[in-house]
Peer 1: 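Starting off with a structure, shown below.
Because the structure is predicted, anything quoted here is derived from the model rather than measured. Basis for what follows: all heavy atoms, side chains included, without hydrogens, waters or symmetry-related copies.
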Amino acid sequence: MDSVEILGLVAATLTTAAFVPQVYKTWKKKSVEDISLTMYTVLLIGVLLWLVYGVNINSLPVILANGITSALLILMIIMKFKYK
């Protein structure tokens, strides 16, 4: 694994981890009042497209980051409907 791949994995970890506190807070408080469904839906579509791109170029950092982020975004969208 070269230094560019490591850099990508570090960036992927940080950008994906940024969503974890919001998911946790939403789950804990069961409050989605300030969550924008439109923003999360558009972001999910973009992240899924990045995931497809990552698979096509066989890039582990892109696949991991966008796969995990997709799961977190889907969870947020589910909670938006569940706790509405």
Side-chain angles (χ1 to χ4, degrees):
M1 188 175 296
D2 64 4
S3 60
V4 173
E5 187 95 353
I6 293 169
L7 177 66
L9 286 169
V10 171
T13 300
L14 293 174
T15 56
T16 300
F19 284 98
V20 174
Q22 184 66 59
V23 173
Y24 179 75
K25 181 179 178 182
T26 302
W27 173 74
K28 189 81 169 163
K29 294 190 174 211
K30 312 279 191 267
S31 173
V32 292
E33 184 179 327
D34 296 325
I35 301 298
S36 169
L37 181 59
T38 302
M39 186 280 260
Y40 275 88
T41 303
V42 171
L43 185 57
L44 176 61
I45 293 167
V47 168
L48 289 171
L49 291 172
W50 273 112
L51 178 59
V52 170
Y53 173 77
V55 169
N56 280 297
I57 65 167
N58 198 30
S59 172
L60 183 62
V62 176
I63 293 168
L64 286 177
N66 292 290
I68 295 168
T69 302
S70 293
L72 293 170
L73 290 168
I74 289 167
L75 185 57
M76 285 298 294
I77 291 168
I78 290 169
M79 286 191 289
K80 178 69 176 176
F81 286 108
K82 183 177 180 179
Y83 302 138
K84 199 168 193 176

Peer 1: With a 6.0 Å cut-off (strictly less than), is the heavy-atom count around CG of N58, excluding the residue itself, greater than 12?
Peer 2: no
Peer 1: Please set out all donor-acceptor pairs under 3.5 angstrom arising from side-chain atoms of residues 30-57, sequence neighbours excluded.
Peer 2:
{"from": "K30", "atom 1": "NZ", "to": "W27", "atom 2": "O", "distance (Å)": "2.8"}
{"from": "S36", "atom 1": "OG", "to": "M39", "atom 2": "N", "distance (Å)": "3.1"}
{"from": "T41", "atom 1": "OG1", "to": "L37", "atom 2": "O", "distance (Å)": "2.7"}
{"from": "N56", "atom 1": "ND2", "to": "V52", "atom 2": "O", "distance (Å)": "2.9"}

Peer 1: When clusters are formed by joining ILVMFWY residues with side-chain heavy atoms under 4.5 Å apart, either directly or through shared neighbours, do Y83 and L72 land in the same one?
Peer 2: yes
Peer 1: Going by atom type alone, with no hydrogens or angles, which donor-acceptor pairs under 3.5 Å involve a side-chain atom of residues 7-22 and a protein atom two or more places apart or on another chain?
Peer 2:
{"from": "T13", "atom 1": "OG1", "to": "L9", "atom 2": "O", "distance (Å)": "2.8"}
{"from": "T15", "atom 1": "OG1", "to": "A11", "atom 2": "O", "distance (Å)": "3.0"}
{"from": "T15", "atom 1": "OG1", "to": "A12", "atom 2": "O", "distance (Å)": "3.3"}
{"from": "T16", "atom 1": "OG1", "to": "A12", "atom 2": "O", "distance (Å)": "2.8"}
{"from": "T16", "atom 1": "OG1", "to": "A65", "atom 2": "O", "distance (Å)": "3.3"}
{"from": "T16", "atom 1": "OG1", "to": "T69", "atom 2": "OG1", "distance (Å)": "3.1"}
{"from": "Q22", "atom 1": "NE2", "to": "T26", "atom 2": "OG1", "distance (Å)": "3.2"}

Peer 1: Please report the interatomic distance NZ(K84) to NZ(K80), rounded to the nearest 0.5 Å.
Peer 2: 6.0 Å
Peer 1: Would you say V4 and I6 are hydrophobically clustered, going by side-chain heavy atoms of ILVMFWY under 4.5 Å?
Peer 2: no
Peer 1: Determine the minimum heavy-atom distance between E5 and L60, stating which atoms define it.
Peer 2: OE2-CB, 3.6 Å
Peer 1: Are L75 and Y24 connected into the same hydrophobic cluster when the rule is that any two of I, L, V, M, F, W, Y join if their side-chain heavy atoms are below 4.5 Å apart?
Peer 2: yes
